Amino acid sequence: MRLSRYFLPVLKETPKEAEIVSHRLMLRAGMIKQEASGLYAWLPLGYKVLRKVQDIIEQEQNRAGAIELLMPTLQSADLWRESGRYDDYGKEMLRIEDRHGRDLLYGPTNEEMITNIFRSHVKSYKDLPLNLYHIQWKFRDEIRPRFGTMRSREFLMKDAYSFDLDKEAAVKSYHRMFVAYLRTYKRMGLTAIPMRAETGPIGGDLSHEFIVLADTGESGVFCDRDLLEKPIPAADIDYDGDLSEIVDDWTSLYAATEDMIEMDKFEADVPEDRRIAARGIEVGQVFYFGEKYSEPMGAKVLNDEGKEVAVHMGSYGIGLTRVVPAIIEACHDEDGIIWPVSVAPFELGLINLKTSDDASVETCQKLYSELKNAGIDVLYDDRDMGAGGKFATADLIGLPFQMIVGPRGLKNGEVEIKDRKTGERSNVSIDTAVEHIRAIIEPLRLDKI
RNA sequence: CGGAGUAUAGCUCAGCCUGGUAGAGCACUGGUUUUGGGUACCAGGGGUCGCAAGUUCGAAUCUUGCUACUCCGACCA
């Protein structure tokens with residue numbers, strides 16, 4: 001992409017409403033634009049990151065055996081009356097009346113609807129286990145939206161729903177999602193720690209929140225330092241096999257949110273030098289809630305004895321529009337964002353320092369074309385402006401690498417490559433520059449970890 | 001929902017106390033500069049001062065009402 005033809009409204013100054021660093025940087029980097037309280041437009045750069053996050057989530061969900069579909073944002077109130085949640089959910093649910101006076105609602109979550117889909121079509125234990133998910137916009141009329149897209153009213157969420165014949169099988173489904181989540185966050189460059197959590201309005205008796213440690217997090221968390229270093233299950237993990245060992249390994253170390261903390265146990269289980277008491281951002285949550293919806297809504301199958309039984313369900317959420325600022329909270333410095341390659345809006349910034357110099361322009365054109373052919377997602381800064389501004393833009397929007405082209409380097413047949421994260425620069429010859437950067441970027445894409 | 005605050009140009013803000021018909025920097029447009037970490041200079045465009053009513057000869061400024069947004073607290077991916 002040529003920057004002169006792109007839509008990247010970066011801000012030099014920080015809009016006053018933004019309190020936390022991710023919100024400030026998302027506004028300054030031209031990723032989002034607030035439309036109303038808790039409602040945001042995703043501008044091209046932000047949307048590109050959101051799509052990359054979505055791709056990773058889809059890949060890992062699919063790998064774990066979940067199947068993607070898409071449900072509507074608006075739902076019939078009748079469905080929610082069946083589960084009893086139409087009255088229970090409260091003012092957080094946006095209620096709408098259509099022209100015929102029928103009660104609708106903008107979905108805050110989809111347990112009822114997915115249960116309805118399931119019961120319409122699945123009648124036999126032979127069709128289980130089943131895990132269906134979608135990535136769709138949700139609306140929760142939060143009392144106080146804040147921190148940009150971190151807590152917005154409209155938000156994009158991946159929600160998966162598992163269906164199993166009994167609790168034992170349901171726990172296996174829960175484990176599959178648990179492992180998939182570990183991999184998903186890791187691929188985005190996040191260290192997310194599963195912590196025992198309250199089940200809240202979703203209900204149920206087994207739940208973990210996945211928490212990214214950050215000073216700006218909204219929850220207080222307590223955990224064992226060793227969790228931060230734990231290796232993540234590899235891409236070739238067998239999701240049909242027994243995952244309980246992995247889950248047990250992760251859950252054997254103490255980790256809980258402030259709502260669930262038992263201080264005695266925390267201090268007894270974790271040696272003092274390994275105790276972490278910190279703030280955290282909740283980037284996902286998994287629940288097992290058994291027959292809470294299947295029973296009242298009649299989601300039943302015949303078992304191998306021909307008996308009708310309510311299925312055991314779980315639900316598994318990741319807030320995509322929260323994950324993006326969480327990554328920024330974890331990856332930034334005073335100059336701007338530092339994207340992990342896997343979610344970077346562009347992998348490389350190609351910077352032409354001097355657009356009035358024919359040799360620079362010509363070299364950039366050639367490199368730009370070769371980089372694209374080499375499969376590198378490159379943003380070519382061909383704007384007619386000073387070098388300082390171009391460096392500042394590239395640093396702000398956080399492209400992992402910069403390829404800097406100017407008359408000084410060209411005299412020696414070289415271009416400069418800068419690593420955004422370390423600040424290291426190195427000169428490489430023009431002829432090998434594309435291959436050089438490709439060799440650096442490819443292993444960082446984390447298609448497999 | 002309780003408490004606190006803000007609203008003036010695209011952004012950051014000054015002017016309001018003490019009423020006299022709107023400013024700065026950045027951004028934008030045209031030009032000069034050809035500048036390797038936001039270069040410098042010249043010229044220019046852009047605002048019913050959140051909305052409504054009131055007081056007044058006169059309101060960005062004073063009064064009242066409304067709306068939007070932000071921050072602190074209790075809830076949530």
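These numbers were taken from a predicted model, which means no experiment stands behind them. As a basis for the values below, the full set of heavy atoms in this structure was taken, side chains included, without hydrogen atoms, waters or symmetry mates.
Donor-acceptor pairing under 3.5 Å is lacking for the side chains of A:Tyr254 and A:Arg196. Neither side chain, A:Glu424 nor A:Ser426, offers a donor N or O lying under 3.5 Å from an acceptor on the other. Side-chain contact check for A:His208 and A:Tyr181: no donor-acceptor pair (N or O, by modelled atom type) lies under 3.5 Å. For the residue pair A:Asp164 and A:Tyr174, no side-chain donor N or O sits within less than 3.5 Å of a side-chain acceptor on the partner. Checked by atom type, the side-chain pair A:Gln61/A:Asn131 shows no donor-acceptor distance below 3.5 Å.
Remark: the separation of the P atoms in B:rG47 and B:rG3 is 39 Å, to the nearest Å. The same atom, C1', is picked in B:rU21 and in B:rG15; the two are 14 Å apart, to the nearest Å. Using atom P as the reference point in both B:rG50 and B:rU6, the two lie 13 Å apart (nearest Å). Spacing of C1' atoms, B:rA22 relative to B:rU61, comes out at 12 Å, to the nearest Å. Comparing B:rU56 with B:rA74, their C1' atoms sit 47 Å apart, to the nearest whole Å. For B:rC69 and B:rG31, the C1' atoms lie 40 Å apart once the distance is rounded to whole Å. Distance check on atom P: B:rU29 versus B:rU18 gives 44 Å, rounded to whole Å. One C1' atom belongs to B:rA60, the other to B:rG20, and the distance between them is 13 Å to the nearest Å.
Within 6.0 Å of atom CD in A:Glu362, 12 or fewer heavy atoms from other residues, nucleotides or ligands are found, so the atom counts as exposed in its surroundings. Around the NZ atom of A:Lys172, the shell of radius 6.0 Å holds no more than 12 heavy atoms that belong to other residues, nucleotides or ligands. The environment of CG in A:Asp215 is sparse: at most 12 heavy-atom neighbours from other residues, nucleotides or ligands sit within 6.0 Å. By the neighbour-count criterion of 12 heavy atoms within 6.0 Å, atom CD of A:Glu229 is sparsely surrounded, having that number or fewer from other residues, nucleotides or ligands.
Under the Watson-Crick or G-U wobble criterion, with both distances below 3.5 Å, B:rG54 is paired with B:rC62. Pair assignment for B:rC1: B:rG73, on the basis of Watson-Crick or G-U wobble contacts that are both within less than 3.5 Å. Partner assigned to B:rA7 is B:rU67, using Watson-Crick or G-U wobble distances below 3.5 angstrom. Pairing for B:rG23 goes to B:rC13, judged as Watson-Crick or G-U wobble with the two contacts each under 3.5 Å.
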Between side-chain atoms of residues 339-351 of chain A and protein atoms elsewhere (two or more places apart, or another chain), which donor-acceptor pairs fall under 3.5 Å?
| unit_1 | atom_1 | unit_2 | atom_2 | d |
| --- | --- | --- | --- | --- |
| A:Trp339 | NE1 | A:Ile397 | O | 2.9 |
| A:Ser342 | OG | A:Arg187 | O | 2.5 |
| A:Glu347 | OE1 | A:Asp377 | N | 3.0 |
| A:Glu347 | OE1 | A:Arg445 | NH2 | 3.1 |
| A:Glu347 | OE2 | A:Arg445 | NE | 2.7 |
| A:Glu347 | OE2 | A:Arg445 | NH2 | 3.4 |

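Separating the CG atom of A:Asp357 from the P atom of B:rU33 is a distance of 17 Å, rounded to the nearest angstrom. A:His134 places its NE2 atom 15 Å from the P atom of B:rA77, with the value rounded to the nearest Å. Atom pair A:Arg24:CZ and B:rU70:C1' shows a separation of 14 Å (rounding to whole Å applied). Whole-Å rounding puts the A:Arg144 CZ to B:rA74 C1' distance at 11 Å.
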Find every protein N or O atom lying less than 3.5 Å from an N or O atom of nucleotides 23-25 of chain B, and list the pairs.
| unit_1 | atom_1 | unit_2 | atom_2 | d |
| --- | --- | --- | --- | --- |
| B:rG25 | N2 | A:Glu13 | OE1 | 2.9 |

Listed pairs, N/O of protein and of nucleotides 5-7 of chain B, under 3.5 Å:
none

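Atoms CG and OG1, on A:Leu3 and A:Thr393 in that order, are 7.0 Å from each other to the nearest 0.5 Å.
Looking at A:Asp419 and A:Lys421, no side-chain N of the basic residue comes within less than 4.0 Å of a carboxylate O on the acidic one, giving no salt bridge. Of the charged side-chain nitrogens involved, at least one lies within less than 4.0 Å of a carboxylate oxygen, so that A:Lys138 and A:Asp159 count as a salt-bridged pair.
In plain terms, the two heavy atoms of A:Ala180 and A:Glu60 that are nearest each other are CB-O, 4.0 Å.
Using a 4.0 Å heavy-atom distance criterion, A:Val323 is classed as making no nucleic acid contact. Within the nucleic acid shown, A:Ile143 comes within 4.0 Å of at least one base atom, counting heavy atoms only. The residue A:Ser356 sits close to a base: some heavy atom pair falls under 4.0 Å. Within the nucleic acid shown, A:Thr355 has no heavy atom closer than 4.0 Å to any nucleic acid atom. Contacts of A:Glu142 with the nucleic acid, taken as non-hydrogen atoms under 4.0 Å apart, include base atoms.
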| message | Using the rule given for salt bridge (charged side-chain N to carboxylate O under 4.0 Å, His left out), can you reason through A:Lys390 versus A:Asp382, listing the C-alpha separation, both sets of side-chain angles and the distance that settles it, and then say yes or no? | response | CA-CA 9 Å; A:Lys390 293 187 180 184; A:Asp382 59 339; over 6 Å; no
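Within residues 39-50 of chain A, no residue places a heavy atom under 4.0 Å from RNA chain B. Sorted by residue number, the members of residues 146-153 of chain A with any non-hydrogen atom under 4.0 Å from RNA chain B read A:Arg146, A:Met150, A:Arg151, A:Ser152.
A tilted orientation is assigned to the rings of A:Tyr161 and A:His134, their planes being inclined by 30° to 60°.
Counting heavy atoms from C-beta on, the side chains of A:Trp250 and A:Lys230 come closer than 4.5 Å.
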| Can you give one letter per nucleotide of nucleotides 35-47 of chain B, going 5' to 3': B for a protein heavy atom under 4.0 Å from the base, S for sugar-phosphate only, - for none? | SBBB---------
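Comparing B:rA77, B:rC69, B:rG73 by their nearest atom to the side chain of A:Gln34 picks out B:rC69.
Exactly one residue among A:Phe210, A:Tyr239, A:Phe287 makes a ring pair (Phe, Tyr, Trp, His ring centres under 6.0 Å) with A:Phe178. That residue is A:Phe210.
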